[in-house]
Each structure stands twice: as C-alpha cells, then as structure tokens.
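Notes follow once the structure below has been shown.
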There are 2 protein chains.
Amino acid sequence: MQEAAAELGYTASPAASRLATGRTMTVAIVVPVLAKWFFGKTIGAATQELRNTGYDVLLYELATPGQRERFFGSPRLHGRSDGVIVIALQPGKKELESLASQGQAVALLGAEGPGIGSVSVDNVGAGRDAVRHLLNLGHERVAFIGIRDEEGSNLGGVPPRQRLIGYRKALVEAGLAREGVLEQFDENSVGGGAAAMSRLLVAARAPTAAFVASDEMAFGALMVLRRAGLDVPRDFSVLGFDNHELCEVLGLTTMDHDVAGQGQDAARLLLDTMNGGQPRSLGRPARLVIRESTAPPRVLRKNSTAQPDLPATF
Amino acid sequence: MQEAAAELGYTASPAASRLATGRTMTVAIVVPVLAKWFFGKTIGAATQELRNTGYDVLLYELATPGQRERFFGSPRLHGRSDGVIVIALQPGKKELESLASQGQAVALLGAEGPGIGSVSVDNVGAGRDAVRHLLNLGHERVAFIGIRDEEGSNLGGVPPRQRLIGYRKALVEAGLAREGVLEQFDENSVGGGAAAMSRLLVAARAPTAAFVASDEMAFGALMVLRRAGLDVPRDFSVLGFDNHELCEVLGLTTMDHDVAGQGQDAARLLLDTMNGGQPRSLGRPARLVIRESTAPPRVLRKNSTAQPDLPATF
DNA sequence: CTGAAAGCGCTTACAG
DNA sequence: CTGAAAGCGCTTACAG
C-alpha cells in the first residue's frame, strides 16, 4: 500500500505523522567542524547507514564555544530528531542532561559518557604503539605534537589527550625522561602543526623524531622541516595519526583507524539504542602504517649503512 | 514572548507548526560526496549562513547514480524542507521539475539551470588563465588532466567540462594543436590523478606540463612524477585547481576561488528566493596562485640559467 | 484588541 | 475485520 502510493508520487506528510506519532524519523549529527577530512568521512558513513534505515539527517556544526553553548542550552533538537550522534566533542554532564531532556537517544564518536553508546579508537594504545615504533628505530629524543585543548577550542576532546598519555607511557616504559619542551600543542591544522614543529626545532636540544596527533598537523610539520633544510626521514622522523588519504602522496608513516567504519558504527549504535537496545561501547583498533617518513636517527645510520656525507648546514 | 519562552526551556513543537503553516524552516543540502575538502567547506559555510537565519539543514549525499535516481524520483523533500541547495551536481530538466513539484526553492552551486539561482566560478576563464601561465613559461606540450564524466559518476558536472574548454581555448589562442593523448580523464581523487599522470608519461612524446582540474588529482600527479624520478618543476610543471589547504605543503601552483564564499553565496541566494526574490546568478573570480610546482621547461632553462647537469635517466 | 474555534494531515484506540 | 472519531500542538481567520 505504502509502496503503491509512493509510486504514484504520494508521500505521507511528515509533519502530520510526526505530530501524531511523536517520532521524527530523523537523526541529528553534531560536529565541531565540517571542512575536515575526518568529519566528512565519518558523517558520510553515518549518513549512508541512517538513510538505509529510513532516517533523515540534520547537520549541526558547532564551530565556536558560543555555538556549542547555544546548541546545548536550548531545546534545539526537541521535536526535530529522535537521536543524535555527537562526533569528536566530549559532552559534559549538563550537556548530556540537556539532550536527554529533549528526548534524544545519544551515540558518541571519539568521546565517552556514562551509560552512553560510543565508538572510539584505543588512543592510549595507539599512541604508545606509534612512539614505540620511533623508539625501536633508535630515537632517544622523541617529541609529541598534540591538539590544543584550551578554552576557545572544541577540538581537543578525549582522543588527543589519550594519545599524549600513550606517548608518555611509551617513554616511561623505555626508561626515558619526559621533557616539557618536547610536548607541543597547537590547533589541529596544517598551520598548527607547522607552528608546533617550529617551536621544537629551536629547542636547546632538538628531538630527532615526533609523533604528531593528527595527519594534518603532521603535514604542516613536514613542511617546516623541509623549509628548514632538513630531510625526512634522514634528519628527522615524523609519524602521524589518521591515515589521511594524502599520507601516501607525502609518504607519511601514520596510525590508521578506519574512519568510515567508526561513522557507520556510531550510526548503528544509535539505531540500536533507539530501538530499545542497551547502549554499547565499541573499541576500534589502530594499526601502524609504515611509509617513508620514519627511519633510524642519523647517528645510528651513519654506523650501519654508510650514508653519503651530510650537508654542512647540519 | 518567544524569547521569554525559550529561556524557560520551551519550544513550539516544530511538527505542529509545520503542519499549521506548511513551512518547515529547514533547507536541504545535496552533495555527491561528503568526504572531500571542497564539500565540507561549502556545506560548512552554507550551514552557518542558514542557521543564522533560523533554518535547520538536512543533508543528502548522493554517492551513486542509483541514489541520485531514488532521490529525485521520489518526493523525498516534500514537507521536509522549504528549499534545497544542490552542490556540484547538474540537475536535469526532470530533476528540476521534481524539486519544483515538491514545492522546493532551489539554488545551485557549481551548476546552472534556467531561471534558477546559482553560484559558480568562471571555469572557462580560469582554465584558460591556468594554461596561459604554463604557456607563458615556455611550455609547448601542455596536458590536461580532467575529471571523468561518465555514467556511474556524478562528479563530472559542468565546471570540470568548462575547465577543459578553457584549456583548449588557450591552446588555440597560442596557435598550438590539440592532441587527444594530452587530454586524460579520471576520477576526482588522488588515485585518479595518479593514474592519469601515469598515462601521460608513457605517451610517445610526453608533455612537459599539465593543468589538472582539481588539486586532489594534482597531488596524485605529483606523487607519480616523484616516483618516476622526475623533479617538479625542473622536469615537469603541475598546476592544480581549488587552492586546497595542502597546496602550500606540497608547493602546488593552483587556481584559487574562495570555496567558502561560494557556499555562503548559495545559501543567501536560496534565502532570497524563498523570500520571493528573483533568482540571480553569481560569478566568482578565480585567481592564479603561483607556488613551486611551475617553472620554465628544461630546454629553455638550460640556455638561460645554466642548471647543473641532469641525471642520465633523463 | 482579545479569545475561542477550526483546521493542518496524519495515527491509533475504539465502536460497530 | 472495517470504518469513523478523537487527538497530536500549533496557526490563523473570525466572532465577539
């Protein structure tokens, strides 16, 4: 019957059926930024999954703290969606209460909450694995470039913090001391990564390798290194995070973690919850993808593989 | 009154007011892919503009011809949105009729339609300017790498085709013959650009420069060139399109065209139309941004600047 | 100018 | 099993 009607170009008025049933058959997706590869990818995967189940998707970009406040401070979603996927934004207690009071089912991606379905990568483990790779190559001064998590930025969130923890863990396990100057934070962008790397290079004793918490920042780091006349990986090793599609072009060693899969999982978790299922928390593995941006430090290599002489600037 | 009510956490039921007024206060945005920089950027800008005016935004990703058919073949938007922004998809006559019959106002981005508001770049002019830059440097065999526009891909659209026209125009104006082998098309991605460049390199008489219709394809082209042992720009010049944020990292000369501005314009055009204004067509300028991927061809430079000897492989 | 009533187009519980 | 009625929560045209 419904199918036959649809063939004839008829659709039930969504407004009327929403009013009658109280269900909107739409899901909201909330992200801190749209114009980034990671978010396009996760939203795309979640959207496809949702649409296959007959849901429409409403999009909310919370680019500033003000927007975030307004969004959670008002019943914006009430009557507009049945559930919401929050990506890369760690909602506070108040914010979760706000969503609940609006009758929203919730699923988190790259964040966690008590009794709430979530998908995330084992960022501590991934960070540790990344740094171990550098350590195993023989690096002794390994820096960390992280995503700044200050007031004014929504982008920090849990995963970047966990990657830092993984970094420190790996150092401790290797018996290395942690140094403040080796931990640099900036905004999650090419420019931010460039700025952070610049700061590392002027340090009294510069590191020989860096684990960077996002590929985009790593790209900026590579740029600064190149402009400083340093060769990667001969003079400096860089390891990123995300396996951005341009990693191959730039030869960046990175941690891969199935970004689209996480978007799809988040959608499924939300659908489950809306159908009365118990909220679950999914962990996604990350794995090291070795390309051309990591190698043993110069000192070691000199002994082993007889490299040509280095330029005088070095 | 409404503000006071909002403070108290009260909102009018959207479903009820939609039913009563017939207006949904939401706009749909339709794109062929989400996980690309260009689309994130335009959607983000449009979304912000729309939200400032009190509109919600529904997102539709039409990734396959099947999805496109289903979307336009059913009254999907009827009663769900008041208007729609179609990005980088050239709607056919039937498709436009479908939208109109669903009571949708329409604005196009990167496409055009009779009596329909639209924003686009002067792609013919931009393509011509790009190729002229290469020609002015002294290149005589300039290739074009374009976005494939075949069945099975929605991504072709008008702009890529217009860039090809601009390319041909510049050649004609310079008195150069057009050659089929120098025009290569592939999918709009790093991989597609790489494949197209590989084909150019095996041509009987390989070109010395290429104008590539998108930066992402250009990145793939750079990768292939590097792997083939060719130096850019010494052995080969590459010129892209979009001014992707990674152009600076890769030193890619490209055509810049304010992507976010186009998204914002499209939203404004739609809002105007929904308020009874006449649909307008906006043209956005593109401008050449010279970086390190373009230079005179080897032959010329040899005479003028006494380059060191080239490797034997060349 | 204020306030009660009709109506938007569905769904669902209920009467027949 | 079928069909008429009530009700979802607004807006708006109309009566007072």
Side-chain angles (χ1 to χ4, degrees), chain A residues 1-28 50-58 60 70-84 97-106 270-271 273-277, chain B residues 1-28 50-58 60 70-84 97-106 270-271 273-277:
Chain A
M1 169 62 200
Q2 287 195 352
E3 296 78 33
E7 303 272 324
L8 299 172
Y10 170 85
T11 348
S13 149
S17 65
R18 284 169 193 207
L19 189 56
T21 63
R23 306 196 63 199
T24 62
M25 289 307 285
T26 109
V27 159
L50 257 9
R51 136 176 318 230
N52 289 341
T53 329
Y55 281 85
D56 274 310
V57 357
L58 279 171
Y60 295 91
R70 257 170 281 142
F71 179 82
F72 287 104
S74 69
R76 194 81 183 83
L77 259 27
H78 184 257
R80 291 173 207 277
S81 59
D82 304 327
V84 53
E97 283 169 2
S98 164
L99 294 179
S101 76
Q102 294 176 59
Q104 304 295 310
V106 182
L270 185 68
L271 291 167
T273 309
M274 293 193 302
N275 291 328
Chain B
M1 172 57 200
Q2 287 196 352
E3 296 78 35
E7 303 272 326
L8 300 172
Y10 170 84
T11 347
S13 149
S17 64
R18 283 169 194 208
L19 188 57
T21 63
R23 306 197 63 200
T24 62
M25 289 306 287
T26 110
V27 159
L50 258 8
R51 136 179 314 230
N52 289 342
T53 329
Y55 282 84
D56 274 310
V57 357
L58 279 172
Y60 295 92
R70 256 170 281 142
F71 179 80
F72 286 104
S74 69
R76 195 80 182 84
L77 259 27
H78 183 257
R80 291 172 207 276
S81 59
D82 303 327
V84 53
E97 283 168 3
S98 163
L99 294 179
S101 75
Q102 294 176 59
Q104 304 294 311
V106 181
L270 185 68
L271 291 167
T273 308
M274 293 194 300
N275 291 328

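Note on naming: letters A, B, ... go to the chains in the order of the sequence lines (proteins, then strands), and numbering restarts at 1 for each one.
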Which one, [options], comes nearest to the side chain of [X]?
| X | options | answer |
| --- | --- | --- |
| Ala20(B) | dC10(C), dC8(D), dG7(C) | dG7(C) |
| Ala16(A) | dC8(D), dC10(D), dC10(C) | dC10(C) |
| Thr21(B) | dC10(D), dT12(D), dT11(C) | dT12(D) |

Quiz item: What is the minimum heavy-atom distance between Pro14(A) and Gly79(B), and which atoms define it?
Solution: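 Minimum heavy-atom separation between Pro14(A) and Gly79(B): CG-O, 3.8 Å.
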Quiz item: Can you name the closest pair of heavy atoms from Thr273(A) and Ala105(A) and give their distance?
Solution: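 That closest heavy-atom pairing would be CG2-CB, 4.2 Å.
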Practice problem: Give DNA chain D the dot-bracket treatment, 5' to 3': Watson-Crick (N1-N3 with N6-O4 or O6-N4) or G-U (N1-O2, O6-N3) under 3.5 Å, [ ] crossing, | other strand. | Solution: |||.||||||||.|||
Quiz item: Which value, in whole Å, describes the distance between the C1' atoms of nucleotides dA13(D) and dC10(C)?
Solution: 23 Å
Quiz item: Can you tell me how far C1' in dG9(D) sits from the matching atom in dC14(C), rounded to whole Å?
Solution: 22 Å
For the pair made of [atom1] in [X] and [atom2] in [N], what is the distance, rounded to whole Å?
| X | N | atom1 | atom2 | result |
| --- | --- | --- | --- | --- |
| Arg18(B) | dC8(C) | CZ | C1' | 14 Å |
| Leu19(A) | dT11(D) | CG | P | 12 Å |
| Arg23(B) | dC10(D) | CZ | P | 18 Å |

Short question: side chain of [X], backbone of [Y] - any donor-acceptor pair under 3.5 Å?
| X | Y | value |
| --- | --- | --- |
| Thr26(B) | Arg80(B) | yes |
| Thr53(A) | Tyr55(A) | no |
| Thr24(A) | Arg18(A) | no |

Practice problem: Determine whether Val84(A) and Leu58(A) make a side-chain contact, defined as any pair of heavy atoms from C-beta on separated by less than 4.5 Å. | Solution: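 They are not in contact (no side-chain heavy atoms under 4.5 Å apart), so the answer is no.
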